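Just follow the structure's listing: the first ligand is 1, and inside any ligand the first atom is 1. Being a predicted model, the structure only gives us computed values, none of them experimental.
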Amino acid sequence: MTTLAITGGQVLLPDITVTRADVLIDQDRGEILEIGDDLAADADETLDAADSLVTPGFVNGHSHVAMTLLRGFADDKPLDAWLQEDIWPVEAELTADSVRAGTELGVLEMIKSGTTAFADMYFFVPTIARAVADAGLRARLGHGVISVGKDEDAVREDAREGLAVAEDVDGMGDGRISSAFMPHSLTTVDEQYLEEFVPQARELGVPIHYHANETEDEVAPIVESEGVRPLAYAAEKGMLEDGDFIAHGVHLDESEIGLLAEAGTSVIHCPASNMKLASGMAPVQRLLEAGVTVGIGTDGAASNNDLSMLDEARDAAMIGKLAADDASAVPAEAVVEMMTRGSADAIGFDTGRLEAGAPADLAVIDLEQPHLTPRHDLVSHLAYAAAAADVRHTVCDGQLLMRDHEVLTLDEDAVRARASEEAAALIDRADV
Ligand SMILES: N[C@@H](CCSC[C@H]1O[C@@H](n2cnc3c(=O)[nH]cnc32)[C@H](O)[C@@H]1O)C(=O)O
Ligand SMILES: [Zn+2]
């Protein structure tokens, strides 16, 4: 057994309180052995956490990781126009090489900002899976299936790829990678294909993940054609089961919140994307009160425009209060829970908590910063004041991915250079 002791830090516990403790990890099993006093003597290696906060690694519940290539390419538009006029024409020119470069850039940013696990919907998923496996992160990956603008054969091919990918990438990266079936949304995948392919995904035993109720424009057409709200329609199609998770859930009525709670389907809240695309304010406090599992996601870097879960946490708290018209809504503890255990539960990982027996996925945050002074309440700092650049160390599955701000599994300069090149070539090819 090889052990690593994280020493001298303040540790965020599963009940969202902070205590002074060391953390001892079994690196071979990727598991936390013990949280307690003076554990350094028993360890093969130590990692300094003095004047630092040890937190569960953040879990990004919804992303399109290689969209880092489109960061800052198309801003200041609503969802539909943004996708159709800017994003989809460029994405049509993506290659495996560009997706590899964009993924490496995305996971580099994740590691640097303390994220250890994420759920992702995109193209070239086996390429993404290899990049994630090499970088050392944990992820649930799926191929986004779309039917709009395609003929029947093309849709079937897309959906079959979605199923094949879900089978193929599952278990990669020493089991750190798992999969899901990911129809893009309830309005961009036609009913007949949901009816055909959702049961096939069930046979594979993978969860289903999709965009839902993101904008009013997605709700109205379903109400009009089906006579029911989108999530009642999703339930009819067998897409609202325990373990499934939807992205956004902005425009939900009480009946839909009830359906989510009853079914055990989770919601990934994406506050920055919802604000930037002016999609609306998700009813996060009401979801929490109804007992729905809520996680937090960044969505793609083109609608955010970063992948920092610390930014996202602050946004979630702020917009949650505004949506509820109540400053006590979505408090710091709730946000910290959502960005760790909530997202992990939602996407089906046993991470997001620091205790003996839990997976050793964690981040260490430097507290010796002016914006983290004084230290009345470290949970408050995590929700409201800490920033990506404060993350010192990142550990996933017991392995050090970043030590003292130096990423160990990727060559940072090379990744940035490759991504810049691939992004420029992509825009050139798309000729937009
Ligand atoms: N196989 C599909 C690919 C879908 S990947 C997932 C898609 O979601 C898009 N996307 C990114 N952010 C959002 C969002 O907030 N709402 C809906 N779609 C988004 C993203 O650009 C990408 O095209 C196809 O043939 O088009
Ligand atoms: Zn999305």
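Of the possible polar contacts, none joining the K276 side chain to the D75 backbone as a donor-acceptor pair under 3.5 Å is found. Of the possible donor and acceptor atoms, none in the side chain of D361 sits under 3.5 Å from a partner among the backbone N and O of T351. At distances below 3.5 Å, at least one donor-acceptor pair connects side-chain atoms of E218 with backbone N or O atoms of T215. Side chain of D86 to main chain of A74: no donor-acceptor pair is present (N/O by atom type, distance under 3.5 Å, no hydrogens or angles). In terms of modelled atom types and a separation under 3.5 Å, the side chain of Q399 and the main chain of Q27 share a donor-acceptor contact. For H248 (side chain) and A212 (main-chain N/O), no donor-acceptor pair under 3.5 Å exists by modelled atom type.
Numbered from 1 in the order shown, with element, the atoms of ligand 1 that lie under 4.0 Å from a heavy atom of I87 read 21 (O). Interface atoms of ligand 1 facing H248, defined by a heavy-atom separation under 4.0 Å, are 15 (O). Near W88, meaning under 4.0 Å from one of its heavy atoms, ligand 1 places the atoms 23 (O). For ligand 1 and L79, the ligand atoms under 4.0 Å from any heavy atom of the residue are 14 (C), 15 (O), 16 (N), 17 (C).
Scanning the protein heavy atoms around atom 6 (C) of ligand 1, the nearest turns out to be M121 SD, 3.6 Å. Of the protein's non-hydrogen atoms, F123 CE2, 3.4 Å is the one closest to atom 24 (C) of ligand 1. Nearest protein heavy-atom neighbour of atom 25 (O) of ligand 1: K150 NZ, 2.7 Å. Shortest contact from atom 2 (C) of ligand 1 to any protein heavy atom: G144 O, 2.8 Å. Of all protein heavy atoms, the one lying nearest to atom 18 (N) of ligand 1 is H184 NE2, 2.7 Å.
Between F197 and Y193, the two ring planes are parallel [angle under 30°; tilted spans 30° to 60°]. H62 and H211 have perpendicular rings, their planes meeting at more than 60° on a 0 to 90° scale where under 30° would count as parallel.
Between W82 and ligand 1, no N or O atom pair is found at a separation short of 3.5 Å. No N or O atom of S303 sits closer than 3.5 Å to an N or O atom of ligand 1. By the 3.5 Å distance cut-off applied to N or O atoms, Y122 is not counted among the residues near ligand 1.
The closest approach between E161 and ligand 1 stays at or above 4.0 Å for every heavy atom of the residue. At least one heavy atom of H143 sits under 4.0 Å from some atom of ligand 1.
Put simply, CD on E337 and OG1 on T293 are 9.0 Å apart, with the number rounded to the nearest 0.5 Å. Taking CG from L378 and CD from Q10, the interatomic distance works out to 6.0 Å, rounded to the nearest 0.5 Å. In this structure, the separation between CG on D345 and CE on M338 is 13.0 Å, given to the nearest 0.5 Å. To the nearest 0.5 Å, the span separating CZ on R140 from OG on S179 amounts to 6.5 Å.
Protein contacts to the Zn ion (ligand 2) involving N, O or S atoms at a distance below 2.8 Å are H62 NE2, H64 NE2, H211 NE2, D299 OD1.
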**OP:** Please report the C-alpha distance between R286 and L252 in whole Å, then the side-chain angles of each, then the deciding distance to 0.1 Å, and finally whether the side-chain contact (heavy atoms from CB on, under 4.5 Å) criterion is met.
**Re:** CA-CA 10 Å; R286 277 160 51 214; L252 297 169; 5.8 Å; no
Original post:
Is there a side chain to side chain donor-acceptor pair (under 3.5 Å) between D366 and H405 once you walk through the steps?
Top reply: CA-CA 10 Å; D366 177 12; H405 301 275; 5.1 Å; no
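Residue E91 holds the heavy atom nearest to atom 23 (O) of ligand 1 of all those in H62, E91, H64, E214. Summarising the contacts of atom 26 (O) of ligand 1 with L277, T215, I146, the nearest heavy atom is found in I146.
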